[in-house]
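Here's the structure we're looking at; comments come further down.
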Amino acid sequence: MTKIVAFAMALFCFFACGQVGQESTLELSAQMTSVTVGTKVTFKVMNDGIQDVSGMARIKSVKTGRYLESNTWVAEDAGTWSFVAEFEGVTSNSIDIVVVEPIVSKFRKHICLMEFTGQWCSMCPDGATTINYYATKVYPDIMHVLAFHNEDDFTIPQEQVLFKQFNPGAYPGYILDMKSAGIVSNSKFSQDMKDADSQKGLHCGVAVSSSISADKANVKVSVFSEMESQYRIAAYVIEDKVVARQNVNGNYREDYVHRHVVRKMISASVEGDDLGVIAADKEKTKEYSVELDPAWNKANLEVCVLVIGNDLSVNNTAACALDGGKADYDRL
């Protein structure tokens, strides 16, 4: 009996004493460790390698001594920035984020404008005229229009997802590069267009090619990054010059020509498919296959690809005809 008690006490001591002085480990990491000024960095904090406490831990800049308000940080001045995390009295490892000045891109910026319209909307044809003027006269060849319809024959589910997320306010509305939004008739629209026509923040090029076989299209997208960054791809099938009913200033016309009608989203969501981190001066490719509606006019179909950056806005855009089209990297 004595031996059994002694064995039990030893066993208890083994497990209990093994816990004494054993500290939890806290690991801090970031999805990118080399960024440009203005880039948003997202940190991850793991407790004991199994519990994600990113939203509960306090992350501190060693350089300033200030704690971040969340687990994200917008890169400030160029240099090396060190960070540590704290959780329940435990301090994590230190990681360095190297911040450099923005690069001067060798690619041309292409603009993505999402138009919000409807066959019932009497003022939307005027909005479409304004948008078409910018696309053909002001920014020819670099402005890509995606017309999302609300509650009519051309509606797709993603229209309301985008409208609620960015809140243009009314119809005809717009979202520009998934960054700014408003009503086309407002003065804000022209100012946003001026701001979009800028190389600032651009750090990738996009190439796309497509082919149709029977009622299926195959699309290939390539992204070349000039800096280490994370990317997502959103892609849409668009049909141009669709003749259908439209309310024009209070009177319905049956012969109205609808431009840039978004027929289908071929990525998983409006936020895009995760392409992962692309290293500086490297390329990644993604392929899609999409079923086509026989009612669509194949000759007027195109695919429009949005490359979404780490800040969740469109960094660059490309489009080509769906039937045998190709858009190479647009380099300056």
Side-chain angles (χ1 to χ4, degrees), residues 29-44 72-81 83 95-113 139-144 175-180 192-210 219-236 267 271-288 303-320 325-332:
S29 62
Q31 91 277 28
M32 292 179 292
T33 57
S34 179
V35 299
T36 59
V37 173
T39 301
K40 183 171 72 173
V41 178
T42 300
F43 294 98
K44 186 174 184 178
T72 63
W73 173 70
V74 177
E76 300 175 34
D77 299 332
T80 300
W81 293 72
F83 294 87
I95 64 169
D96 293 336
I97 307 294
V98 178
V99 181
V100 297
E101 293 294 340
I103 63 173
V104 178
S105 180
K106 296 178 181 179
F107 295 103
R108 189 185 309 276
K109 175 72 169 72
H110 283 235
I111 302 168
C112 164
L113 187 134
Y139 306 120
D141 303 321
I142 66 167
M143 180 171 163
H144 305 282
I175 298 172
L176 191 56
D177 282 339
M178 296 179 68
K179 185 180 297 183
S180 58
D192 282 347
M193 291 303 304
K194 291 179 182 178
D195 293 341
D197 182 29
S198 170
Q199 294 288 110
K200 183 179 179 181
L202 180 65
H203 50 70
C204 79
V206 53
V208 57
S209 61
S210 178
V219 178
K220 180 179 179 181
V221 181
S222 298
V223 178
F224 186 94
S225 183
E226 297 175 290
M227 56 171 277
E228 181 184 342
S229 187
Q230 188 168 16
Y231 296 96
R232 305 184 71 86
I233 293 177
Y236 298 87
S267 51
E271 287 80 16
D273 299 322
D274 188 8
L275 198 59
V277 175
I278 304 179
D281 297 324
K282 296 296 181 180
E283 178 187 65
K284 277 191 178 181
T285 299
K286 187 172 181 62
E287 296 187 7
Y288 292 95
V303 57
C304 187
V305 175
L306 321 180
V307 179
I308 300 170
N310 187 50
D311 62 353
L312 300 183
S313 68
V314 178
N315 195 264
N316 215 341
T317 307
C320 73
K326 184 177 182 181
D328 292 323
Y329 289 117
D330 191 359
R331 290 184 169 89
L332 294 172

Checklist entry - Is a donor on one side and an acceptor on the other found under 3.5 Å between the side chain of Lys284 and the backbone of Val277? => result yes

Checklist entry - What closest approach, in Å, do Cys320 and Ala327 show between heavy atoms, and which atom pair accounts for it? => result CB-N, 4.0 Å

Checklist entry - Under 3.5 Å, side chain of Asn315 to main-chain N/O of His203, donor-acceptor pair present? => result yes

Checklist entry - Do the numbers put Lys109 on top of the ring of Phe107, so that NZ or CZ is under 6.0 Å from the six-membered ring centre and no more than 45° off the axis? => result no

Checklist entry - Taking all atoms of both residues into account, what is the closest heavy-atom pair of Val37 and Asp77, and its distance? => result CG2-C, 4.3 Å

Checklist entry - Can you find a side-chain donor-acceptor pair between Ser222 and Thr285 that sits under 3.5 Å? => result yes

Next on the checklist: What I'd like to find out is whether the side chain of Phe43 reaches to under 4.5 Å of the side chain of Gln31, using heavy atoms alone.
Outcome noted: no

Next on the checklist: Just so I know, are the side chains of Phe224 and Ile278 near enough to count as touching, which here means a heavy-atom distance under 4.5 Å?
Outcome noted: no

Checklist entry - Between Tyr231 and Asp274, is a side chain to side chain donor-acceptor pair (under 3.5 Å) present by the stated rule, with each step listed? => result CA-CA 6 Å; Tyr231 296 96; Asp274 188 8; over 6 Å; no

Next on the checklist: Please give me the minimum heavy-atom distance between Val307 and Val223, naming the atom from each residue.
Outcome noted: CG2-CG2, 3.8 Å

Item to check | Over 12 non-hydrogen atoms of neighbours within 6.0 angstrom of NZ in Lys179 | outcome: no

Checklist outcome for this item: Rounding to 0.5 Å, atoms OG1 (Thr33) and CG (Asp96) come to a distance of 9.0 Å

Checklist entry - Between Ser105 and Gln199, does any side-chain donor sit less than 3.5 Å from a side-chain acceptor? => result no

Next on the checklist: Measuring only between side-chain heavy atoms, which start at C-beta, is Asp273 closer than 4.5 Å to Arg232?
Outcome noted: no

Checklist entry - Looking at CG of Leu306 and OG of Ser313, how far apart are the two atoms once the value is rounded to the nearest 0.5 Å? => result 11.0 Å

Next on the checklist: Minimum heavy-atom separation for Met32 and Val41, please, with both atom names.
Outcome noted: O-CG1, 4.0 Å

Checklist entry - Where the side chain of Asn316 meets the backbone of Cys204, is there a donor-acceptor pair that is under 3.5 Å apart? => result yes

Checklist outcome for this item: So CD1 of Ile95 and CZ of Phe83: to nearest 0.5 Å the spacing works out to 8.0 Å

Checklist entry - Looking at Ala207 and Tyr329, what are the two nearest heavy atoms and their distance? => result N-CE2, 3.7 Å

Item to check | Atom of Ser267, atom of Ile233 and distance for their closest heavy-atom approach | outcome: CB-O, 3.6 Å

Item to check | Polar side-chain atom of Tyr139 near backbone of Met193 as donor-acceptor pair, under 3.5 Å | outcome: yes

Next on the checklist: Is any side-chain heavy atom of Tyr236 closer than 4.5 Å to one of Val303?
Outcome noted: no

Checklist outcome for this item: Taken to the nearest 0.5 Å, the spacing of Cys112 SG from Leu176 CG works out to 7.5 Å

Item to check | From Met178 atom CE to Leu312 atom CG, the distance as rounded to the nearest 0.5 Å | outcome: 7.5 Å

Checklist entry - Roughly how far apart are Thr36 OG1 and Glu226 CD, rounded to 0.5 Å? => result 11.0 Å

Next on the checklist: Ring-plane angle category for His144 and His110, please: parallel below 30°, perpendicular beyond 60°, tilted otherwise.
Outcome noted: parallel

Checklist entry - Is there side-chain contact between Thr317 and Ile111, with heavy atoms separated by less than 4.5 Å? => result no

Item to check | Cationic N near anionic O, under 4.0 Å, Lys326 to Asp328 | outcome: yes

Next on the checklist: Tell me whether Arg108 contacts the main-chain N or O of Leu332 through its side chain, where contact means a donor paired with an acceptor under 3.5 Å.
Outcome noted: no

Next on the checklist: Between Glu287 and Val219, is the side chain to side chain contact (heavy atoms under 4.5 Å, CB included) condition met? List the steps.
Outcome noted: CA-CA 6 Å; Glu287 296 187 7; Val219 178; over 6 Å; no

